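Here the structure comes first, spelled out in C-alpha cells, and everything after it is commentary.
If you're wondering where the values come from, they're calculated on a predicted model, not measured in any experiment. Side chains included, hydrogens not; waters and symmetry mates left out as well; all remaining heavy atoms used. Order of the sequence lines sets the chain letters (A, B, ...), proteins ahead of strands, with each chain counted from 1.
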Number of protein chains: 2
Amino acid sequence: MTNDQQSEHSDQTVDELDAKLLLLLTDEPRLGVLECSRRLGVARGTVQARLDRLTERGVLTGFPPALDLGAMGYGLTAFAVVEIAQGRRAEVCEGLAAISEVCEVHATTGQGDLFVRMVARSNADLQRVVDHIVDVPHVRRLSTSIALSTPVPPRVRPLLERVKGRSPR
Amino acid sequence: MTNDQQSEHSDQTVDELDAKLLLLLTDEPRLGVLECSRRLGVARGTVQARLDRLTERGVLTGFPPALDLGAMGYGLTAFAVVEIAQGRRAEVCEGLAAISEVCEVHATTGQGDLFVRMVARSNADLQRVVDHIVDVPHVRRLSTSIALSTPVPPRVRPLLERVKGRSPR
DNA sequence: AGATCACTGTACAAATTGTCCAGTGAAATC
DNA sequence: GATTTCACTGGACAATTTGTACAGTGATCT
C-alpha cells in the first residue's frame with residue numbers, strides 16, 4: 001500500500017490527511033514535522049509536502065502566537081456597530097485602525113456599517129476607547145455592547161473534523 | 001551590562017523584551033528559540049525563560065495554525081445577533097456550538113443576547129446555516145449581517161507595540 | 001502504453017533543542 | 001551596609017530534528 005489518498009476528488013482544498021494534520025497541529029502546535037509524521041503514520045516527506053502545499057494554497061497562513069489579552073490586562077472585550085457617513089469607509093477604517101484597542105473591523109451589510117471588536121482594561125478604559133472611536137471623523141453613531149462571556153471561543157475545529165471523518169451535517 | 005530590564009515596574013504582565021519577542025514571533029512564528037535570541041540580541045536561555053514565563057502566566061497560550069477559511073472554501077463570514085428566551089443561554093449556546101459553521105459565540109450586554117460569528121460556502125449555504133441557528137430551541141430572533149470586507153483583520157500588534165516602545169496614547 | 005503524481009523509506013550534514021552550570025550585576029531584604 | 005534573590009550571560013554536550021536529496025512503487029491521467 002502506498003498511495004491512499006482516497007479523497008472524494010471534490011473541489012475541496014483540504015483532504016482528510018490535511019485535516020488530520022491541521023487538527024494535530026491545532027492541538028499541539030509546537031510539534032515538529034517529524035513528530036507529526038510519526039503520529040499520523042506517514043512519511044516525514046509527506047507531512048512536509050502537505051504543509052508546503054497548504055501554505056502555497058493559502059489555507060495555512062502561519063502559526064502566530066496566541067495571546068490571552070485578558071492575561072495581558074485587557075479584561076474587557078466589546079463590540080460596536082458603527083454607522084458612518086456615506087462613502088467614507090476607507091477614511092473611517094483608517095481612523096479606527098489607528099486605535100490600538102481596536103482589534104478587528106469588518107464592513108457589513110445592513111446600513112453600509114462597520115463592525116468593530118475592541119478590548120479595554122476596565123470600564124473606564126472602555127469609555128476612553130469608545131470616545132476615541134466616536135472622535136474618528138465621519139463616524140455618525142456608535143452602538144456598543146460588552147462581551148460578558150464567550151461560550152464558544154474562536155474555533156475552526158468542527159470544520160476540520162468534518163473533513164477528517166466525513167461527519168454529518 | 002547584564003540585567004537591563006528597565007520595565008516600568010508597572011503591574012504589566014508583559015515588559016518590553018516580552019513584547020519584542022512576541023512581535024518577532026508574530027511576524028515569523030516558526031522561528032526557533034535560538035534564532036529569536038540572535039535577533040533580539042539576548043542569550044538563548046533568556047528567550048526560553050521568557051517564553052516559559054509568558055506561558056505560565058497564561059499570556060501566551062500557544063501557536064495554533066492560522067487557517068484561511070476563505071481558501072478552504074468558506075468564503076462567507078457573517079455575524080448574527082441572537083435574541084434568546086430568558087435563562088436559556090446555556091442551552092442555546094450548546095445548540096450553537098453543535099453547528100460547525102458557528103465559529104464564535106459571545107454573550108453580550110444589550111438584551112441578554114448572543115453574538116455569533118459564522119462562515120459559509122455561499123449565500124445558499126449561509127441560508128442553511130442561518131436556518132440551523134433559528135432551529136436551535138429557545139432562539140427567538142436572529143439578525144444577520146454579512147461581512148463584505150475586513151479592513152482590519154484580527155490583530156494584537158498595536159497593543160504589543162505600545163509596550164515595546166512606550167508609544168503614545 | 002507512457003507520463004505524471006504522491007508517497008515511502010533511507011541517508012547525511014548542519015542546525016536546533018533540552019539541559020545544566022558558573023559567573024555577574026541589580027534590586028530587594030535584613 | 002551586608003546578604004540574598006533574581007534575571008541574564010555565555011559556554012558546553014548529547015540527542016533530536018531539519019533541510020535536502022534520491023530511488024522505488026503504485027495509482028491516475030493522457
(request) First locate atom CE of Met118(A), then atom CG of Asp125(A), and finally report the distance between them rounded to the nearest 0.5 Å. (result) 11.0 Å

(request) Return the nearest nucleotide to the side chain of Val42(B); candidates are dT20(D), dT9(D), dT17(D). (result) dT9(D)

(message) Whole angstroms only, please: what is the CG-P distance between Leu31(B) and dT18(D)?
(response) 15 Å

(request) May I have the distance from Glu35(B) (atom CD) to dT16(C) (atom P), rounded to whole angstrom? (result) 7 Å

(message) I need the CD-C1' distance between Glu16(B) and dA7(D), as an integer number of Å.
(response) 16 Å

(message) Side chain of Thr46(B), heavy atoms from C-beta onward: which of dA6(C), dC8(D), dT18(D) has the nearest atom to it?
(response) dC8(D)

(request) Taking only the side-chain heavy atoms of Ala43(B) (C-beta and beyond), determine which of dC7(C), dG10(D), dG19(D) contains the nearest atom. (result) dG10(D)

(message) Taking the basic N atoms (NZ, or NE/NH1/NH2) and the acidic carboxylate oxygens, is any pair closer than 4.0 Å for Arg140(A) and Asp113(A)?
(response) no

(message) Rounded to whole Å, please give me the gap between CG in Asp15(A) and P in dT28(D).
(response) 14 Å

(message) Nearest whole Å is fine: how far is dC6(D) C1' from Asp52(B) CG?
(response) 16 Å

(message) From C-beta outward on Arg38(A), which listed nucleotide comes closest to its side chain: dT18(D), dT17(D), dT17(C)?
(response) dT17(D)

(message) Counting only side-chain heavy atoms from C-beta out, which of dA11(C), dT19(C), dA6(C) sits nearest to Gln48(B)?
(response) dT19(C)

(request) Mind calculating the distance between CG (Leu54(B)) and C1' (dA7(D)) to the nearest angstrom? (result) 14 Å

(request) Among the candidates dC8(D), dT20(D), dT17(C), find the nucleotide nearest to the side-chain atoms of Arg50(B). (result) dC8(D)

(message) Under a 4.0 Å threshold between the charged nitrogen and the carboxylate oxygen, would Arg162(B) count as salt-bridged to Glu101(A)?
(response) yes

(message) For a quick check of understanding: with a heavy-atom distance under 4.0 Å over all strands, which category does Arg30(A) fall into, base, sugar-phosphate or nothing?
(response) nothing

(message) If you only use heavy atoms from C-beta on, which nucleotide in dA6(C), dC8(D), dA11(C) is closest to the side chain of Arg53(B)?
(response) dC8(D)

(message) Once hydrogens and angles are ignored, does a donor-acceptor distance under 3.5 Å link the base of dG18(C) to the side chain of Arg44(B)?
(response) yes

(request) Counting heavy atoms from C-beta on, name the nucleotide in dA6(C), dC8(D), dT17(D) closest to the side chain of Leu34(A). (result) dT17(D)

(message) Any salt bridge linking Asp27(B) with Arg39(B)? Criterion: basic side-chain nitrogen under 4.0 Å from a carboxylate oxygen.
(response) no

(message) So, applying salt bridge (Lys or Arg N to Asp or Glu O under 4.0 Å) with Asp15(B), which one of Arg50(B), Arg53(B), Arg57(B) is it?
(response) Arg50(B)

(message) Any base atoms under 4.0 Å from Gly45(B), or only sugar-phosphate, or nothing? Heavy atoms, all strands.
(response) nothing

